[in-house]
Amino acid sequence: MVARDAGSGAVAPERIDPAEVRALVVPLYGERTLRTGEPFAAHADGMVGIIRDLRADPDLLAAAYLFGIHDVLRDADDWLRSRFGAVVAQLVADLRQLMRLSELTRTRGQAGSQAEGLRKMLLAMVNDVRVVLLRLASREQTLRYFAARRGTGIDADLQRAIARETLDLYAPLANRLGVWQLKWALEDLAFRLLEPETYRQLARLLDEKRVERERFIADAVVALRQRLEAAGISAEVSGRPKHIVSIHNKMLAKRLAFDEIYDVRALRVIVDQVAHCYQVLSLVHEMWSAVEGEYDDYIARPKPNGYQSLHTVVRDAGGRTLEIQIRTREMHEFAELGVAAHWQYKEGRRRVAGADQQRVAWLRQLLAWRAEVDRPLPSAGAEERIYVLTPQGRVVELPAGATPIDFAYHVHTELGHRCRGARVDGALLPLNRPLANGQTVEIIAGKSGGPSRDWLNPELGYLASARSRQKVRHWFNLLELEQSIATGRAVVERELQRLGRTAVKLDDLARRLGFASVDELSVAASKEEFSLRSIEQAIAAPSAAASQAPPPVIGKAEAGRTAARGKGGILVVGVDSLLTQMARCCRPVPPDEIIGFVTRGRGVSVHRAGCSNAASLADRHPERLIEVAWSAAPEAVYPVDIAVLAQDRSGLLRDISEVFAREKLNVVGVNTLSRRGEARMSFTVEVADAAALRRALAQIAEVNGVYSARRR
């Protein structure tokens, strides 16, 4: 009998018989072996045995048998869909992708250093969380094969690499999924390969006291069963198997000898109801003495992955310790099987109801986890991410929809600027093609050049990351700044040549005109923020020019006249919506008297009324003067230059910075020069008004070693 998969159109068996799948696929595998040397058929049988212990899911068992079908059939995906349906075909395809990812990162030495990113990538790549169980079972089978064939010529380096990858990546992933059976098996098998002497020593210690331990546990089981029966509590009581890695980790963490480890002797009690858990706990503490500080209630406070149980350690009359776990049957099923206890597709194609809906919600969070169990899981509204690889096997996390250009900027800003093409999984792809999970991306970069302005066009789809867009904009802003500096410098040099004063140093000229650097002077010249006549005045007699220049008269705004608010709380009288900017030569702040000068293409440049540049502009272009006034803008701040002369000493900059911090003034620029024990310091700070500036100057003047502090 056959049925059609919903939404796929593929015809698939109503029920898959794993035995029939094995009979079909084993002849196809033939003598083919994995890189480890294990035959495909043996690996498939081992995987199925491990999966069957978790849950006999026909789809999952079939996928385990079919794990290597893509290596033996050319049109494997079509073949799988036609015979077993879309679900099994997707399981097999995802498993193959995870196995290829593991091989790629391991051979390039990346697995250990990027375990967190790889675990996130594994979960993001799968369509069905059960694929992770298949991958874990495959890894356990590989380790079992190594353990059974020790000393038979298997590559020792390969064994160690796989064992290390298991401890770094797969065992923590099994822990995250709550599949304890796989976690413990993976840890013990990997530890046996990496630390054979320590493993044998602990195994020998366990074996030497095995008879005594088993007798003690058997007596404890009988005694506890009798006590529970007398109390009318139905329960399963059994000894709990111990795992060598767990014992070893506790010995290291608590610096204890083997004989001091509590849970070498352990019991597990499984009851029907939560209330019975606490009743059993009370009876246990009546029978034996509780060890202080060794009690955990994971029922009231479950672990982040959903694990629930009561843990306690007790001591008998002879001083021997016994660890006891108490849980309900449902808790036990989840503790042993983790997500395997509640199968659910990522897209919710199988519906469940009631309490299982909470499990489903948890699984959906799990598929987008950001960190280890100690950190909170991401919220439902968190941005979706994808995970791709560099050619060296490093995992790169990007926002969903990211392109090769986003990838390039994430790796390095300069690589993004010079990005000219991309190979994705070896094939050339357009730069605006979105990337997918698990792809390997190689950027083709030019030797020079920069980004294209087309990249900023959202309709063209070149960039999905805000971080990338910011870097492209920054590149173009710097380009415009460089062009302004070059243009302005040429203007200043031409003026100096006209005046016959080409020997004048531009640094000195910038300082005389009130600019912090030659670049600032050049930018101001390119924007016509000051008159070129002021260059002649600054060279001839900068101090006299400032004192003799009559300040322009600033009229008051009359009632009824139009006033448009500009930048930084400036009212431009008589003109609507006019851009304003503070002149860098004098940097006015309220309540300075101010005057506006209309520049070419840059709006109104606002100067202090006593500024020598403002006087020169008034003389040469009186028609460009415009009336401006301060407006009420309580949150506006204005950049001001402060010059400090002080005795150079250690901690001077820190002490002055503390003044700005106390006054809550934001420092946007610092320039210091020390010569012959004297420090000349220039600060650009943002102030709300002249009063705030005066307070800061007064406090700086009191700093030890400061000779003077003034507004420039």
Side-chain angles (χ1 to χ4, degrees), residues 450 474-552 566-568 570 572 578-588 594-626 628 639-641 643 668-669 671 682 684 712:
H474 182 65
W475 191 90
F476 283 112
N477 289 340
L478 287 179
L479 182 63
E480 290 180 6
L481 177 61
E482 290 174 0
Q483 292 172 346
S484 295
I485 291 173
T487 301
R489 191 182 186 106
V491 169
V492 173
E493 289 176 347
R494 280 199 303 269
E495 181 65 14
L496 290 175
Q497 190 174 18
R498 187 186 69 80
L499 296 172
R501 303 297 299 272
T502 54
V504 173
K505 293 183 178 180
L506 294 183
D507 288 335
D508 293 338
L509 178 61
R511 186 167 58 253
R512 292 178 186 180
L513 291 173
F515 294 98
S517 66
V518 176
D519 286 350
E520 284 196 11
L521 169 65
S522 301
V523 171
S526 70
K527 297 177 181 177
E528 296 187 357
E529 291 183 353
F530 68 94
S531 169
L532 294 180
R533 182 180 175 186
S534 60
I535 295 178
E536 181 179 1
Q537 294 173 341
I539 294 173
S543 58
S547 60
Q548 294 175 5
K567 182 179 178 181
I570 299 294
V572 181
L578 197 58
L579 175 69
T580 64
Q581 56 186 338
M582 301 300 159
R584 297 182 181 180
C585 55
C586 56
R587 295 196 186 276
I594 52 178
I595 185 172
F597 181 78
V598 180
T599 65
R600 293 177 180 173
R602 304 296 298 182
V604 175
S605 178
V606 180
H607 295 256
R608 292 162 66 185
C611 175
S612 60
N613 281 334
S616 297
L617 293 170
D619 289 344
R620 297 186 63 183
H621 303 286
E623 72 281 2
R624 293 197 191 179
L625 292 179
I626 192 168
V628 293
V640 175
D641 292 330
V668 296
N671 190 13
S682 175
T684 302
R712 291 178 57 180

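All figures in this text were calculated on a predicted structure; none of them were measured in a lab.
- Note that CG of Asp619 and CZ of Arg533 are 5.0 Å apart. Values are rounded to the nearest 0.5 Å.
- Looking at heavy atoms from C-beta onward, Asp519 lies out of side-chain contact with Leu481 at the 4.5 angstrom threshold.
- Looking at heavy atoms from C-beta onward, Arg511 lies in side-chain contact with Asp508 at the 4.5 angstrom threshold.
- More than 12 heavy atoms of other residues, nucleotides or ligands sit less than 6.0 Å from atom CD of Glu480.
- With rounding to the nearest 0.5 angstrom, the CZ atom of Arg512 is 12.5 Å from the CG atom of Leu521.
- Taking every heavy atom of both residues into account, Pro639 and Thr684 meet most closely at CB-CG2, 4.1 Å.
- Nearest heavy atoms, Arg608 versus Ala614: O-CB, 3.8 Å.
- Although no hydrogens or angles enter the test, the distance criterion places a donor-acceptor pair under 3.5 Å between the side chain of Ser526 and the main chain of Val523.
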- Could you give me the CA-CA distance, side-chain angles and deciding distance for Ile626 and Phe597, then say whether side chain to side chain contact (heavy atoms under 4.5 Å, CB included) is met? CA-CA 6 Å; Ile626 192 168; Phe597 181 78; over 6 Å; no

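- Under 4.0 Å is where a charged nitrogen must lie from a carboxylate oxygen, and between Arg498 and Glu495 at least one such pair does.
- Contact record, Phe515 with Arg584: CE2-CB, 3.9 Å, taken as the closest heavy-atom pair.
- Closest heavy-atom contact between Val604 and Gly596: CG1-CA, 3.7 Å.
- With sequence neighbours excluded, the residues that form a side-chain contact (heavy atoms from CB on, under 4.5 Å) with Glu482 are Leu479.
- The CZ atom of Arg501 sits 10.0 Å away from atom CG of Leu509, with the distance rounded to the nearest 0.5 Å.
- Looking at Ser534 and Leu513, their side chains come closer than 4.5 Å, going by heavy atoms from C-beta outward.
- Counted within 6.0 Å of NE2 on His474, heavy atoms from surrounding residues, nucleotides or ligands total 12 or fewer; the atom is thus considered open.
- For the atom pair CD (Glu520) and CD1 (Ile485), the distance works out to 9.5 Å, reported to the nearest 0.5 Å.
- Closest heavy-atom contact between Asn671 and Ala516: ND2-O, 4.3 Å.
- Across all non-hydrogen atoms, the minimal contact from Val628 to Ile595 is CG2-C, 3.7 Å.
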- Applying side chain to side chain contact (heavy atoms under 4.5 Å, CB included), run through Val518 and Val492 and close with a yes or a no. CA-CA 10 Å; Val518 176; Val492 173; over 6 Å; no

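- Side chains of Val504 and Leu499 form no contact here, defined as non-hydrogen atoms less than 4.5 Å apart.
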